[in-house]
Amino acid sequence: MNLRFHNTLSRKVEDLRPLEAGRLGIYVCGPTVYDAPHLGHARSAVVFDVFRRFFEALGYNVTLVRNITDIDDKIILKAQAAGTDYRTIAERYQNQYDAVMAALNVRAPHAAPRATAYIGTCQELVARMLRNGHAYRSGKSVYLAIHSCRDYGRLSGRSCDPLPDISRCREQPEKRHPGDFALWKGSKTGEPQWSSPWGPGRPGWHIECTAMSHALLNTPFDIHGGGRDLIFPHHENEIAQSIAAFGKPPAAMWLHHGMVTVGQAKMAKSKGNAPPLEALLQTYPPEAVRLFLLSRHYRRDLPYTESALQESTAQLNRLYALARRLQAAFGNLSPTPCRQSFLWQRFSRNLASDGNFAGGLSVLFETARDLNRALDATVANRYGALWRTTRSTAADWRYICRDILGVLHMTAEAHDPARHKIQAPVLSPAAIEGLVIRRQAARKNLDWGTADALRGVLEENGVRLQDKNHETFWQHGKQRGKITAGAQCDDGFETICQSNRHPSTKTV
RNA sequence: GGCGGCAUAGCCAAGUGGUAAGGCAGCGGCCUGCAAAGCCGUUAUUCGUCAGUUCGAAUCUGACUGCCGCCUCCA
């Protein structure tokens, strides 16, 4: 199967040919940790997490590197405003980022280097570029001369001249050309600094990525990824640096995902339109957020709306409902995928064709319907051919959901659709069971009015009931239990019923 | 102004030359005392508009309309 991806460099969908057979080196630009992570960061992480899982499932030896930029103007400003060290700020937001990505079931990359751990490598690169005549010292800083790098502007589709619109730039008399950019920034007083052959300072924004990707993956590596907003200047400048230092571009293929938008504008911290991810994850299941982030082709912008997340939550509940049925029917399914299966073929064809997540997802939903039908059809016959093929399809389905998409990794029992549907006042288990028992008594007496009213009281308090034969299962947040018909009430249930009385329960 | 992208049902969204996937919501039915879950059926003679190429176009070409991104903070 050919892996085909849209390469920003050529603007075409191309075959992905590993530079070294069986291996893939991937570098993704991670966050600058100066503020709380938002959905845009999550999209980047989740998209490349699924690519990584998919490539590994195909048998590639993948090395995924995602950096953390822990030194930059905004971190410094924030630290100064808070009267603290830049490290404190960077650590705080990196911890938040890591926690949120873990909640989203994003696998840790193989390396997550921080810029400040590679200052020495950055300096070596700067020295190299100076030696090669592509960089120049000016004032306390070192700049890269973009005119000296062949193909500058090719990635972003612009040329050196005229570049850029000077009216938009601050006056920077140290530069020979307005498009030149700092490799090493001479430090101002009060800023964090490192000593260097060019005086105290810190690395420019772009140099760290060249340093870390070269150190961890070597140049060139297979895939460089990131948000589309990084194409210019960041990735353009990375290419220039790599040419200046090594005479070759850093990566064979450039993958860029689209932006998460809010009300037709890009989601951005600077625009103040980004809901904090941590809050979002309190309202919606993390796996639903994952499904949402994978619901549209990765290259296109993804509009964020509440209703889209609600929809993804409904989808997730449906997938877990099937997972529950499968667990009941087959127990724990073999985690090993069947590469020959029709399902895997159809699913992987979608992912291999420029990461068509939405197409892959549709295959899984189709299969979910088929599995439900098959389970309906085979309840009476657990030994027929249909039962066996259903079991094997079920194993593949579960595998793809869990190991490739990174959803359905909890046991079906642990997933709680009610938790994210109803915001309920807390009832104690004893109180709930008292009401359930009372409702069962009413049902036994065919007193449907009372039974329905009690169901109403429970539902208003966020308790979900499910009747099955002689048992009633209840679920309230993370608590659950069952009551078998004929159970006795605890003392005091009357009081509970009284205290929970609600206008709509007056028929009780 | 320069460069790039997008327009498919009530909503979300695949499909890049062979006759419109999937999801959500809705509706009808089965099941259930009621409900939940599940299942079945149903929802675009049509893909922003106009013209062209072709036996054949949502898919290719041109024009037009609308929306968005980048142009040194950016995932």
Side-chain angles (χ1 to χ4, degrees), chain A residues 8 11 13 28-32 34 37-48 66 69 72-74 77 153 156-159 162-165 168-170 172 178-182 205-206 225-234 236-237 256-261 264-271 274 291-292 295-297 299-303 305 307-308 310-315 317-318 321-322 324-325 346 350 353 356-369 372-373 375-377 417-418 443 446-449 451-452 455-456 459 464-468 473 475:
Chain A
T8 308
R11 276 137 233 239
V13 177
V28 178
C29 284
T32 301
Y34 74 96
H38 58 62
L39 267 177
H41 300 109
R43 186 181 199 195
S44 178
V46 167
V47 161
F48 285 101
R66 187 182 63 217
T69 299
D72 123 299
D73 289 349
K74 277 193 270 198
L77 282 174
S156 55
R158 63 197 77 209
S159 59
L163 178 105
D165 181 353
R168 288 185 54 137
C169 299
R170 291 190 309 272
Q172 291 172 298
D180 292 352
F181 57 92
W205 172 30
H206 317 292
R228 203 173 50 215
D229 53 352
L230 294 176
I231 293 173
F232 190 89
H234 186 52
E236 194 70 76
N237 289 353
H256 289 102
H257 64 258
M259 301 291 100
V260 177
T261 59
Q264 303 210 306
K266 182 180 141 189
M267 179 179 285
K269 286 175 274 203
S270 53
K271 292 188 180 172
L291 285 178
F292 164 68
S295 67
R296 202 174 199 206
H297 193 282
R299 274 196 283 125
R300 300 183 63 183
D301 286 348
L302 178 66
T305 60
S307 66
Q310 281 160 12
E311 189 178 308
S312 296
T313 305
Q315 290 182 336
N317 289 341
R318 188 163 158 222
L322 173 58
R324 204 169 289 126
R325 287 192 83 185
R346 288 211 302 155
N350 272 292
S353 127
N356 186 354
F357 299 138
L361 224 38
S362 81
V363 172
L364 291 175
F365 275 107
E366 260 181 74
T367 307
R369 189 187 56 208
N372 272 315
R373 276 187 202 156
L375 286 172
D376 286 349
R443 294 177 74 211
L446 306 182
D447 180 0
W448 308 124
D452 287 350
R455 175 192 279 285
E459 272 179 3
R464 243 183 64 181
L465 296 183
Q466 218 173 320
D467 294 327
K468 256 183 196 172
F473 295 83
Q475 196 176 315

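Throughout, protein chains are lettered first and strands after them, A, B, ... in sequence-line order, and every chain is numbered starting at 1.
- A/R296 meets the side chain to side chain donor-acceptor pair (under 3.5 Å) test with no other residue; sequence neighbours excluded.
- What separates CZ of A/F292 from C1' of B/C24 is a distance of 14 Å, to the nearest Å.
- For A/R43 and B/A75, a side-chain-to-base donor-acceptor distance below 3.5 Å is absent, hydrogens and geometry of angles not being considered.
- Between the CZ atom of A/F473 and the C1' atom of B/G38 there is a distance of 16 Å, given to the nearest Å.
- Side chain of A/L230, nearest nucleotide from B/A75, B/A36, B/G38: B/A75.
- Look at the C1' atom in both B/C27 and B/G10: the space between them is 13 Å, to the nearest Å.
- For B/A44 and B/G23, the P atoms lie 15 Å apart once the distance is rounded to whole Å.
- Listed candidates were B/A75, B/G38, B/C74. Nearest to the side chain of A/W205 is B/C74.
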> Should A/V260 and A/H38 be marked as a side chain to side chain contact (heavy atoms under 4.5 Å, CB included) after you check the CA-CA gap, both sets of side-chain angles, and the distance that decides it?
Replying inline: CA-CA 9 Å; A/V260 177; A/H38 58 62; over 6 Å; no
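- Separation of the P atoms belonging to B/G18 and B/U72 is 42 Å when rounded to the nearest angstrom.
- Between B/C67 and B/A35, the distance separating the two C1' atoms is 44 Å to the nearest Å.
- With sequence neighbours excluded, the residues that form a side chain to side chain donor-acceptor pair (under 3.5 Å) with A/R66 are A/Y97.
- Proximity note for A/R318 (side chain, C-beta onward) versus B/G38, B/A75, B/A36: the nearest is B/G38.
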> Taking it one step at a time, do A/T32 and A/K74 satisfy side chain to side chain contact (heavy atoms under 4.5 Å, CB included)?
Replying inline: CA-CA 9 Å; A/T32 301; A/K74 277 193 270 198; 5.8 Å; no
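- Judged as a ring pair (Phe, Tyr, Trp, His ring centres under 6.0 Å), and not counting sequence neighbours, A/H257 has no contacts.
- Proximity note for A/D452 (side chain, C-beta onward) versus B/A35, B/G33, B/A75: the nearest is B/G33.
- A donor-acceptor contact under 3.5 Å is not formed by the side chain of A/R228 with the base of B/G5.
- As judged by a 4.0 angstrom heavy-atom cut-off over every strand, A/L364 is placed among residues making no nucleic acid contact.
- A/R299 comes within 4.0 angstrom of no nucleic acid atom, judged by non-hydrogen atoms across all strands.
- If you check every strand for non-hydrogen atoms under 4.0 Å, A/D229 touches a base.
- Among the atoms of the strands shown, none is found under 4.0 Å from any heavy atom of A/F181.
- By the side chain to side chain donor-acceptor pair (under 3.5 Å) test, A/H297 is found to be paired with no residue, residues two or more places apart in sequence or in another chain being considered.
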> How far apart are the C-alpha atoms of A/E366 and A/R346, what are their side-chain angles, what is the distance that settles it, and do they pass the salt bridge (Lys or Arg N to Asp or Glu O under 4.0 Å) test?
Replying inline: CA-CA 11 Å; A/E366 260 181 74; A/R346 288 211 302 155; 3.6 Å; yes
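- In the set B/C34, B/A75, B/G33, B/A75 carries the atom at the smallest distance from any side-chain atom of A/C29.
- For A/R158, the listed nucleotide lying nearest its side chain is B/G2; candidates were B/G2, B/C39, B/C74.
- Base contact: A/V260 has a heavy atom under 4.0 Å from a base atom.
- Here the OH atom belonging to A/Y34 is positioned 11.0 Å from the CG atom belonging to A/L77, to the nearest 0.5 angstrom.
- Using a 4.0 Å heavy-atom distance criterion, A/G227 is classed as a sugar-phosphate-only contact.
- A/W448 qualifies as a stacking partner of the B/G33 base, centre to centre under 5.5 Å and near-parallel within 30°.
- Closest to the A/R369 side chain, of the nucleotides B/A75, B/G38, B/G22, is B/G22.
- Taking atom CD of A/E236 as the reference point, atom C1' of B/G2 lies 14 Å away to the nearest angstrom.
- A/L291 places its CG atom 10 Å from the C1' atom of B/G23, with the value rounded to the nearest Å.
- Taking the side chain as every heavy atom from C-beta outward, A/V47 and A/F357 approach each other to under 4.5 Å.
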>> Pair A/W205, A/N237 - check side chain to side chain contact (heavy atoms under 4.5 Å, CB included), show working.
In response: CA-CA 10 Å; A/W205 172 30; A/N237 289 353; over 6 Å; no
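- Atom name P, nucleotides B/U42 and B/C3: the rounded distance is 49 Å, in whole Å.
- Taking the P atoms as reference points, B/U46 lies 15 Å from B/A21, given to the whole Å.
- When distances run from any side-chain atom of A/K266 to the nucleotides B/A36, B/A21, B/C74, the shortest one goes to B/C74.
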> So what's the dot-bracket for RNA chain B: Watson-Crick or G-U pairs under 3.5 Å, [ ] if a pair crosses, | if it pairs off-strand?
Replying inline: (((((((..(((.....[...))).(((((.......))))).....(((((..]....))))))))))))....
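- One can place CG of A/L465 at 15 Å from P of B/G33, the figure rounded to the nearest angstrom.
- For A/Q315, whose side chain is taken as the heavy atoms from C-beta onward, the closest listed nucleotide among B/G23, B/G4, B/A75 is B/G23.
- When the P atom is used for both B/G22 and B/C39, the distance is 14 Å, rounded to whole Å.
- Taking atom C1' on both nucleotides, B/C24 is separated from B/A13 by 11 Å, rounded to a whole Å.
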> How would nucleotides 10-20 of chain B be written as a contact map, 5' to 3', with B for base contact, S for sugar-phosphate-only contact and - for no contact, using protein heavy atoms under 4.0 Å?
Replying inline: ---SSS-----
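- Note on ring orientation: taking the six-membered ring where Trp is involved, the planes of A/H234 and A/H206 are tilted (angle from 30° to 60°).
- The main-chain N or O of A/G258 is never found under 3.5 Å from a side-chain atom of A/R300 such that the two would form a donor-acceptor pair.
- Note on A/S156: only backbone sugar-phosphate atoms sit closer than 4.0 angstrom, heavy atoms only; bases stay farther off.
- Nucleic acid contact for A/D467: base, since at least one base atom lies under 4.0 Å from a heavy atom of the residue.
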